[in-house]
Each structure stands twice: as C-alpha cells, then as structure tokens.
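Quantities reported herein were computed from a predicted structural model and do not represent experimental measurements.
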Amino acid sequence: MNFNVQTLGCKVNAYESEYIKELFLKRGYRETDVDKAEVVVVNTCTVTNQADAKSRKLIRQVKRNNQKCILVVCGCAAENHKENLIDLDIDILIGNKDKSKIVLLVEDYKKSNEKVVKFYDLRNTDFEDMQINDFEGRTRGFVKIQDGCNNFCSYCIIPFMRGNIRSKELDAAIMEINCLVKNGYKEIVLTGIHTGSYGASKNYDLTDLIHEISKNENLKRIRISSIEITELNAKFMEELKNNKKIVSHFHVPLQSGSDHVLKLMNRKYNILEYKKKIEELRSIREDINITTDLIVGFPEETDEDFVETLKNIKDIGFSKIHTFPFSLRSGTKAETLKQVSDTKKRERVLQVLKLSDELESLYYKKFLGKEVEVLVEDSKSGFTGNYIKVHLDKEMNTNTFVKVMITSVDGLCVNGKVL
C-alpha cells in the first residue's frame with residue numbers, strides 16, 4: 001500500500017509526522033501524492049482559529065479528492081474539536097497520544113473496517129518516545145526532547161491539548177542525536193512544546209543534554225527551537241560561555257512589551273527581567289540573533305500598552321518579530337476579558353511587521369564585509385549559526401560548511417561571496 005502524511009503547525013508536529021513516515025516506510029508502505037494515497041494522515045494544529053480552519057479545510061479537501069483513502073486525523077485540532085470532526089468521514093481519529101501506533105491502527109482498521117476514536121487524559125500521561133534516523137531533504141536534524149506545558153498562559157489552549165510536561169530520557173535523547181549525526185547531520189535542533197523545561201522533575205536538564213551531546217566531535221551546531229526567558233538560568237549561561245557548538249541565535253518569546261498585558265497573560269516575568277536576560281546573552285555573544293513571538297490586540301490591551309510594546313521592542317533590538325493578532329481560544333481565561341476590535345488588531349499587526357522588517361534589515365547590515373560560516377542547504381543558499389539566510393554567488397554542495405563574505409543586504413535578502 002502507499003501513504004501520505006500532511007502536516008500543519010509547529011516543529012513538534014513536523015518531527016512527529018517525520019516519525020510517522022518512517023514507521024510506514026519500515027512496514028513496506030510507499031510514499032506517494034496525497035490524492036493517490038491509500039492511507040492519508042493529517043496531523044492538525046489548533047494554536048489559533050486560523051489553524052483550526054486550515055485543519056478542517058485540509059481534512060475536507062483530502063476526503064473530497066481521495067474518497068477511497070483510509071483517513072487518519074491526529075494532533076491538536078483533533079484533540080480540541082473531536083466532537084466537531086466526527087461528521088467528516090474520518091476513519092481513525094486520535095489526539096496527541098498514540099501517534100507512534102498509527103500504522104498498527106491502520107492495519108487493524110483494514111482487518112475490521114471499524115472506525116477508531118481514541119483519546120486520553122493528557123494531564124496524566126508519559127512521554128511517547130519516538131526516534132528518527134533521517135530527515136528527507138533537510139540538513140538540520142530535529143529531535144523532540146519534550147512534550148506538554150504547565151505554564152497555563154491565559155490565552156493558550158496548548159497545555160490542555162498537549163498535557164503535562166514530560167521529557168525524553170537523557171540516554172534516549174543522546175542516542176537519537178548521535179544516530180542523526182552518524183547519518184550526516186551536522187546541526188541538531190532541540191525542540192518541544194516547552195523545550196526549556198526539559199528534564200523537569202528528573203535529575204538532569206537541558207544544559208546537561210547539551211553538554212553531553214557536545215562531546216560528539218562530528219556534531220558542529222546545537223540549536224534550540226525556542227526557550228523561555230525564565231529558563232536562561234546561571235547554569236545555562238555558563239554553558240553558553242564555554243560551548244561554541246551552541247549557536248548564537250535564540251528565539252525567546254516576549255508575547256507583550258507591556259507589564260500590564262504580561263500580567264493579564266499570566267506570563268512569569270516582567271519587562272525589566274526580560275531586558276536584563278537579553279543583556280546577559282549579548283554580554284556572552286556580542287552578535288547574537290534574538291528573535292521573538294508577539295501577540296497584539298490581547299484583551300484589554302490599550303493604545304498606551306501598545307505604544308509601550310513598540311518602545312520596548314526597539315529598546316531590546318530584536319532581529320525578527322513573529323507577530324500574531326490575538327486569537328480567542330474557548331476555555332481560556334482570556335475569554336472572560338474585554339476583547340480588542342479586529343480593526344485595532346490588524347492595525348497593530350501591520351505596525352509591528354513594519355518595525356520587524358526594519359530591525360531585521362538593520363541586524364543583517366551589521367555583517368556587511370564580514371566573514372561568516374554557512375551551512376549550505378539548497379546549493380545556492382544556507383544559514384549561518386546565528387540564523388541568517390545567505391544567498392551564495394555560486395553553487396556549493398549541500399550539507400557542507402563554507403566560508404562566505406557578506407557583500408550586500410537588499411532589504412531582507414543577504415548576499416555573500418564564497419571564499
């Protein structure tokens with residue numbers, strides 16, 4: 001039989017989908033186009049209303065264009081809206097547990113022809129271990145080391161969809177990473193729903209994992225997909241000082257530049273604390289790239305709050321701001337607060353996007369005339385350790401490191417000459 005996996009959402013979903021692909025391939029299935037596949041898996045996302053809409057649209061589209069396929073739906077939107085998805089002619093409907101059993105569920109379905117609906121209490125569950133050996137078409141190997149979140153920010157549904165904080169065992173994580181490196185990956189990206197909480201309630205943490213995998217001589221770069229400001233502790237900072245394999249790029253969610261809004265969001269820091277940590281990062285790595293997430297139009301965010309946010313964004317000097325208009329999630333505390341109009345949300349998003357582009361271009365221009373090291377991804381472009389995409393003046397072999405001189409910055413496009 002043949003199969004196809006469709007993925008929406010975050011890097012964790014991408015990792016899990018890659019694992020599902022490997023399971024099918026190991027069982028002798030062949031990957032094919034979605035419209036021709038006998039089995040289609042849709043791994044959904046529910047982080048915003050738009051993500052929900054995309055998930056539902058994709059499910060309908062798959063069934064419309066490929067009526068005879070065995071349709072498997074899993075992930076956060078399935079977890080969040082299981083009652084509303086029952087009518088979409090789904091054959092196997094699960095949430096964020098048993099993704100590692102999807103092939104077995106498909107084979108049981110082929111025998112019984114009975115629809116499957118399986119869900120669990122994710123606030124009381126163990127880490128579902130997965131191991132990937134390869135990432136087709138990628139030069140960076142992603143490893144999911146953690147799942148779940150206990151933060152319960154007032155706007156976020158994910159702790160309910162992903163469950164409690166839980167971690168991959170340290171030895172298992174090291175083994176998977178060493179396997180990927182042996183298969184040719186020079187850069188590893190550590191990812192999770194709340195990556196910085198890795199090892200919570202264990203006798204190890206994220207810094208311990210980074211320290212151990214750094215001993216692999218063939219691993220050149222270690223990247224963290226995202227980390228909270230509260231998790232940049234003294235132990236981690238000391239490792240950053242001494243470990244050159246940790247890249248000079250951190251994605252540190254801010255969510256708001258206003259203390260008033262941060263308190264409403266139930267975030268665990270204030271602006272002053274955030275700024276001090278960023279200053280500490282920059283004292284260790286002068287040219288570090290700091291990117292962030294920002295929600296605008298959060299309930300009760302005033303014009304004054306937004307002006308304060310813009311000022312603090314400039315003061316912090318982010319290199320890129322991933323901006324989202326507030327999206328109301330049913331069942332969260334933010335649902336009970338006074339909402340900001342959609343018009344104001346759109347206006348604020350545009351202002352932040354404009355500022356983000358200006359800050360991004362400004363950051364890139366710091367490197368004009370400087371020599372950087374690029375990991376080639378698609379023969380004529382690649383990424384530096386601090387996550388600048390550089391367009392090369394000639395074709396190079398993929399998955400190789402090359403020395404490059406930055407020759408020009410055209411808006412957000414960075415060009416370089418291979419040395």
*Find out whether the Lys NZ or Arg CZ of K82 is both under 6.0 angstrom from the six-membered ring centre of F119 and within 45° of the ring's axis.*
yes
*Neighbour count >12 (heavy atoms, 6.0 Å) for atom NZ, K110*: yes
*Inspect the contact between E377 and R140 and indicate whether a charged nitrogen and a carboxylate oxygen are less than 4.0 angstrom apart.*
yes
*For the residue pair Y274 and Y269, does the interplanar ring angle fall in the parallel (under 30°), tilted (30 to 60°) or perpendicular (over 60°) class?*
tilted
*Within 6.0 Å of CG in N242, more than 12 heavy atoms from elsewhere*: yes
*Who passes side chain to side chain contact (heavy atoms under 4.5 Å, CB included) against K354, sequence neighbours left out?*
E358
*asked:* Can you tell me if K115 has over 12 outside heavy atoms packed within less than 6.0 Å of its NZ?
replied: yes
*asked:* Please find the pair of heavy atoms, one from K99 and one from G95, that lie closest to each other, and give the distance.
replied: CE-O, 3.7 Å
*Are the aromatic rings of F236 and F250 close, with centres under 6.0 Å apart?*
yes
*Minimum heavy-atom distance S225-G192, with the two atoms named*: OG-N, 4.1 Å
*Within 45° of the ring axis of F383 and under 6.0 Å from its six-membered ring centre, is that where the NZ or CZ of R223 lies?*
no
*Ion pair check, R56 and D87, cut-off under 4.0 Å*: yes
_Enumerate the side chain to side chain donor-acceptor pair (under 3.5 Å) contacts for residues 168-178, please, sequence neighbours excluded, ordered by first and then second residue._
Y15-E176, D129-K168, K168-E176, E169-K202, E169-Y204, N178-N216
